[in-house]
Structure formats: C-alpha cells, structure tokens
S.K.: 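Just dropping this structure here.
Position 1 is the first residue of the sequence; numbering continues from there.
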Amino acid sequence: MTDTLFLIASRIAHSVQIEFVRYLAGAAGVAILYWLIRRWIEPRRIQPRKASFADRRREFRQSMETLLVFAFVNLATFALVRSGIIPVHRGTPDAWMLAWQLPAMVLLHDAWFYWMHRTLHHKSLFRRAHYAHHLSRTPTSWAAYSFAPIEAVAESIYIPMMFIALGWIAPIEAWAVFIFLGHQIARNAIGHSGFELAWPGFTRSPLTGWLTTTTHHDLHHTEGRYNFGLYFTWWDRMMGTEHPKYHERFEDVVGRRAAAAPVEAEVELA
C-alpha cells in the first residue's frame with residue numbers, strides 16, 4: 001500500500017514538473033522575448049492599459065493551481081496508456097501517422113475549445129467556471145493557464161478523450177503529441193500576450209484569415225461576447241460570434257507601427 005501511494009505521488013510530482021516546464025517555456029518564453037524586442041513592438045500594444053505586477057502575480061498563482069488539475073488528468077491518461085485503452089506507437093517515429101495525427105489533434109482541439117468555451121460563458125456556469133480567467137482584462141502570456149478548477153478540468157479532459165478517439169484508428173504517435181502540446185502552449189501564450197505581431201491584411205487574406213490573432217482573443221477578454229475560437233476563426237464565423245469590428249480593430253493596431261516608423265526614422269536622422 002505504501003509503495004503504491006509513493007508511486008502515485010511520484011507520478012503526480014513528475015506530471016506537475018512536466019506541465020510547469022511547458023507552462024514556463026510558453027509564458028516566460030513569450031514574456032522574455034517580447035521584453036527583449038519591446039522597442040520594436042510597443043506600437044503594436046493592443047490595449048492602452050498595461051497589466052500590473054499584481055495582474056501577473058494573480059495569473060501565475062492561478063496557473064499553478066491549474067497545473068495540479070492537469071497533473072491528475074495526466075495521471076489518468078498515463079493509466080489509460082498503461083492499460084492499453086490508449087495505444088501508443090513505439091519505436092521509430094512514423095512519418096505517415098505524424099502527418100495525419102498532428103493536424104487531427106489541432107482540429108479536434110479547436111472544435112472542443114470553441115464549444116466548451118461557449119458553454120462556460122452560459123450564465124449558469126460563467127461565475128463559477130470561467131470568471132477567474134476573465135479577471136485578466138488586459139491579459140499577459142502568464143494568463144495561459146489562469147483558470148478556475150472547473151475550467152481546468154474542462155480544458156484538460158480533452159487530451160485523454162482525443163487520444164482514445166484517435167487510438168481507435170491507429171496507435172498514437174508520440175512525436176505528434178509532443179509537437180501538439182508545444183504548439184498549444186505557444187499559441188496560448190502568444191494569444192494572451194497583448195501585442196499584435198501579424199501584418200496588415202492578415203485577417204482578410206484567404207491564406208491567413210482563418211487563423212486567430214492576438215487581437216482576436218484580446219477582444220474576447222475586453223468584451224466577452226465574441227471570439228470564442230482558439231486556433232481558427234471558422235467556428236466564430238459560422239456561428240455568428242466573431243466580433244463585428246474585429247478586422248477594423250486589428251488593422252488599427254497593425255497600422256500604428258507603419259505610422260510610427262517614419263517618425264522614428266526622422267528622430268534617428270535628426
């Protein structure tokens with residue numbers, strides 16, 4: 001019994017460690033990178049208000065609580081793998097499985113997130129499940145995992161559910177999981193960063209307009225009723241939940257850099 005409890009405790013600790021490193025790589029990585037290039041990206045700040053140290057401290061604290069929930073879900077996922085319910089491909093990475101499983105993971109996650117997110121905005125759930133995340137009116141990359149416990153569960157149970165679903169087709173390719181999780185935290189941290197680094201015309205181009213931007217999610221934090229998507233804009237467009245002035249707000253932000261550039265050049269020449 002003691003050995004079993006010790007094994008469970010060690011697995012939870014290991015899971016927390018993995019999630020913490022992943023969170024830190026995304027949240028701190030974006031925060032440090034944007035601080036290093038702050039001179040060039042300041043005109044791309046989406047909101048005039050700047051997040052305070054107290055805002056960042058709250059986001060970090062809530063994210064640490066979320067990591068505990070993620071750790072238990074990871075432990076359950078590991079148990080499903082050990083039991084064979086989730087089959088995993090062993091050995092040399094399979095390029096074909098990677099080629100279809102990675103896009104499938106991203107597409108399924110985006111669909112899950114949109115409908116889960118809209119559900120959490122229902123008046124019967126919002127205060128208990130999602131309000132904590134919306135305390136970040138001016139979000140930073142540290143808000144990537146800043147969830148209430150109910151939302152943390154809703155966010156994380158997608159992983160074992162997705163693995164079970166895809167496992168019916170073929171064993172899960174480990175590299176697909178690794179890349180998917182890296183993509184997830186990177187897009188999450190960038191989406192909460194408060195700076196728009198995409199280029200003018202991005203949201204209307206047929207090549208890029210289907211991708212969400214930082215402005216897309218920032219508008220959700222300021223106004224709440226729109227822009228529920230995670231990676232792609234198509235669910236918001238199909239369901240009529242895209243912010244009516246999204247493109248206008250985006251162009252206003254990205255246009256500021258173009259307007260500021262000649263001024264900077266004149267100052268340097270002077």
S.K.: Under 3.5 Å, side chain of Y23 to main-chain N/O of W142, donor-acceptor pair present?
M.R.: yes

S.K.: Of the non-hydrogen atoms in A176 and L102, which two are nearest, and what is the gap between them?
M.R.: O-CD1, 3.6 Å

S.K.: Report yes if the side chains of F228 and D236 come closer than 4.5 Å at any heavy-atom pair, otherwise no.
M.R.: yes

S.K.: Roughly how far, to the nearest 0.5 Å, is OG1 of T203 from CD of E248?
M.R.: 11.0 Å

S.K.: Which residues pass the side-chain hydrogen bond (donor to acceptor under 3.5 Å, both in side chains) test with S52, not counting sequence neighbours?
M.R.: D55

S.K.: Indicate whether any N or O donor in one side chain lies under 3.5 Å from an N or O acceptor in the other, for Y246 and T233.
M.R.: no

S.K.: With sequence neighbours left out, write down each residue that passes side-chain hydrogen bond (donor to acceptor under 3.5 Å, both in side chains) with H109, or none if nothing qualifies.
M.R.: Y231

S.K.: Over all heavy atoms of both residues, which pair between D218 and Q47 is shortest? Give the atoms and the distance, please.
M.R.: OD1-NE2, 2.8 Å

S.K.: Could you measure the distance from the OG1 atom of T77 to the CD1 atom of I164? Nearest 0.5 Å is fine.
M.R.: 8.0 Å

S.K.: Would you call the rings of H130 and H117 parallel, tilted or perpendicular, taking 30° and 60° as the class edges?
M.R.: perpendicular

S.K.: Which pair of non-hydrogen atoms, one from A154 and one from I157, has the smallest distance, and what is that distance?
M.R.: O-CG1, 3.8 Å

S.K.: Give every residue pair that meets the salt bridge (Lys or Arg N to Asp or Glu O under 4.0 Å) criterion with at least one member in residues 19-36, sequence neighbours excluded.
M.R.: E19-R22

S.K.: For T140 and E59, does a side-chain donor sit closer than 3.5 Å to a side-chain acceptor?
M.R.: yes

S.K.: Enter the distance from M97:CE to I172:CD1 here, rounded to the nearest 0.5 Å.
M.R.: 8.5 Å

S.K.: Taking C-beta and beyond as the side chain, do F250 and F202 meet within less than 4.5 Å on heavy atoms?
M.R.: yes

S.K.: Quick check: are there more than 12 heavy atoms from other residues, nucleotides or ligands sitting under 6.0 Å from CZ of F126?
M.R.: yes

S.K.: For A27 and S141, work out which heavy atoms get closest and say how close.
M.R.: O-OG, 2.8 Å

S.K.: What's the shortest heavy-atom distance between L67 and V16, and which atoms?
M.R.: O-CG2, 4.4 Å

S.K.: Is there a chain of hydrophobic side chains (I, L, V, M, F, W, Y, each step under 4.5 Å between heavy atoms) that links Y226 to Y131?
M.R.: no

S.K.: State, with a plain yes or no, whether a side-chain heavy atom of F195 is found less than 4.5 Å away from one of Y34.
M.R.: yes

S.K.: Return the minimal non-hydrogen interatomic distance between P200 and R44, and the atom names on each side.
M.R.: CD-NH2, 4.5 Å

S.K.: What is the distance from atom CD1 of I37 to atom CD1 of I32, rounded to the nearest 0.5 Å?
M.R.: 12.5 Å

S.K.: For the pair E223 and K245, find out whether any cationic side-chain nitrogen is under 4.0 Å from an anionic carboxylate oxygen.
M.R.: no

S.K.: Looking at R58 and L135, would you say the former's side chain and the latter's main chain have a donor-acceptor pair under 3.5 Å?
M.R.: yes

S.K.: If only atom types and distance count, is the side chain of R256 paired as donor or acceptor with the main-chain N or O of R45 below 3.5 Å?
M.R.: yes

S.K.: Cation-pi check, R38 to W35: give yes when NZ or CZ is under 6.0 Å from the six-membered ring centre and within 45° of the ring axis, no otherwise.
M.R.: yes

S.K.: Enumerate the residue pairs fulfilling salt bridge (Lys or Arg N to Asp or Glu O under 4.0 Å) with a member in residues 100-127, sequence neighbours excluded, ordered by first and then second residue.
M.R.: none

S.K.: Give the C-alpha distance, both sets of side-chain angles, the deciding distance and a yes or no for side chain to side chain contact (heavy atoms under 4.5 Å, CB included) between Y158 and M116.
M.R.: CA-CA 10 Å; Y158 159 77; M116 177 273 297; over 6 Å; no

S.K.: Is a side-chain donor or acceptor of S156 paired with a backbone partner of A152 at a separation under 3.5 angstrom?
M.R.: yes

S.K.: Can any side-chain N or O of N227 pair as donor or acceptor with the backbone N or O of H216 at less than 3.5 Å?
M.R.: yes

S.K.: Looking at side-chain heavy atoms only, is the closest gap between H121 and H134 below 4.5 Å?
M.R.: yes

S.K.: Check for a donor-acceptor pair, side chain of R128 on one end and backbone N or O of S124 on the other, with a separation under 3.5 Å.
M.R.: yes

S.K.: Test side chain to side chain contact (heavy atoms under 4.5 Å, CB included) on L219 and T222 and set out the steps.
M.R.: CA-CA 5 Å; L219 281 171; T222 56; 4.2 Å; yes

S.K.: Among the clusters formed by ILVMFWY side chains lying less than 4.5 Å apart, do W210 and M238 turn up in the same one?
M.R.: yes

S.K.: Does S146 offer a backbone N or O that forms a donor-acceptor pair with the side chain of H133 under 3.5 Å?
M.R.: yes

S.K.: Does W235 reach the side chain of F113, with side-chain heavy atoms less than 4.5 Å apart?
M.R.: no

S.K.: In terms of heavy-atom contacts, does CH2 of W175 have more than 12 from other residues, nucleotides or ligands at under 6.0 Å?
M.R.: no

S.K.: Decide yes or no on side chain to side chain contact (heavy atoms under 4.5 Å, CB included) for I46 and T214, but give the supporting numbers first.
M.R.: CA-CA 9 Å; I46 297 170; T214 304; 3.6 Å; yes

S.K.: From N74 CG over to I159 CD1, what is the distance, rounded to the nearest 0.5 angstrom?
M.R.: 8.0 Å

S.K.: How about F180 and M162: do any of their side-chain heavy atoms sit closer than 4.5 Å?
M.R.: yes

S.K.: Can you tell me how far CG of L80 sits from CE of M161, rounded to the nearest 0.5 angstrom?
M.R.: 12.0 Å

S.K.: Which residue pairs pass the side-chain hydrogen bond (donor to acceptor under 3.5 Å, both in side chains) test with at least one member in residues 83-96, sequence neighbours excluded?
M.R.: H89-E173

S.K.: Measure from the side-chain N and O atoms of E65 to the backbone N and O of A148, and report whether any donor-acceptor pair falls under 3.5 Å.
M.R.: no

S.K.: Enumerate the ring pair (Phe, Tyr, Trp, His ring centres under 6.0 Å) contacts for residues 66-86, please, sequence neighbours excluded, ordered by first and then second residue.
M.R.: F70-Y145

S.K.: If hydrophobic clusters are built from ILVMFWY residues whose side chains come within less than 4.5 Å, do L181 and W112 share one?
M.R.: yes

S.K.: Given side chains that start at C-beta, do those of H192 and V30 come closer than 4.5 Å, heavy atoms only?
M.R.: no

S.K.: Keeping T138 on the side-chain end and A51 on the backbone end, is there a donor-acceptor pair under 3.5 Å?
M.R.: no

S.K.: Taking the side chain as every heavy atom from C-beta outward, state whether V69 and F147 have any pair of such atoms under 4.5 Å apart.
M.R.: no

S.K.: May I ask whether V81 and I169 are part of the same hydrophobic cluster, defined by side-chain heavy atoms of I, L, V, M, F, W, Y residues being less than 4.5 angstrom apart, directly or through others?
M.R.: yes

S.K.: Go through the steps for V88 and V177 under the test side chain to side chain contact (heavy atoms under 4.5 Å, CB included), then give the verdict.
M.R.: CA-CA 10 Å; V88 176; V177 177; over 6 Å; no

S.K.: Indicate yes or no for a side-chain donor-acceptor contact from H221 to the backbone of S136 under 3.5 Å, with no hydrogens or angles considered.
M.R.: yes

S.K.: Say whether L120 and Y114 are linked into one hydrophobic cluster, either directly or through other cluster members, by side-chain heavy-atom distances under 4.5 angstrom.
M.R.: yes

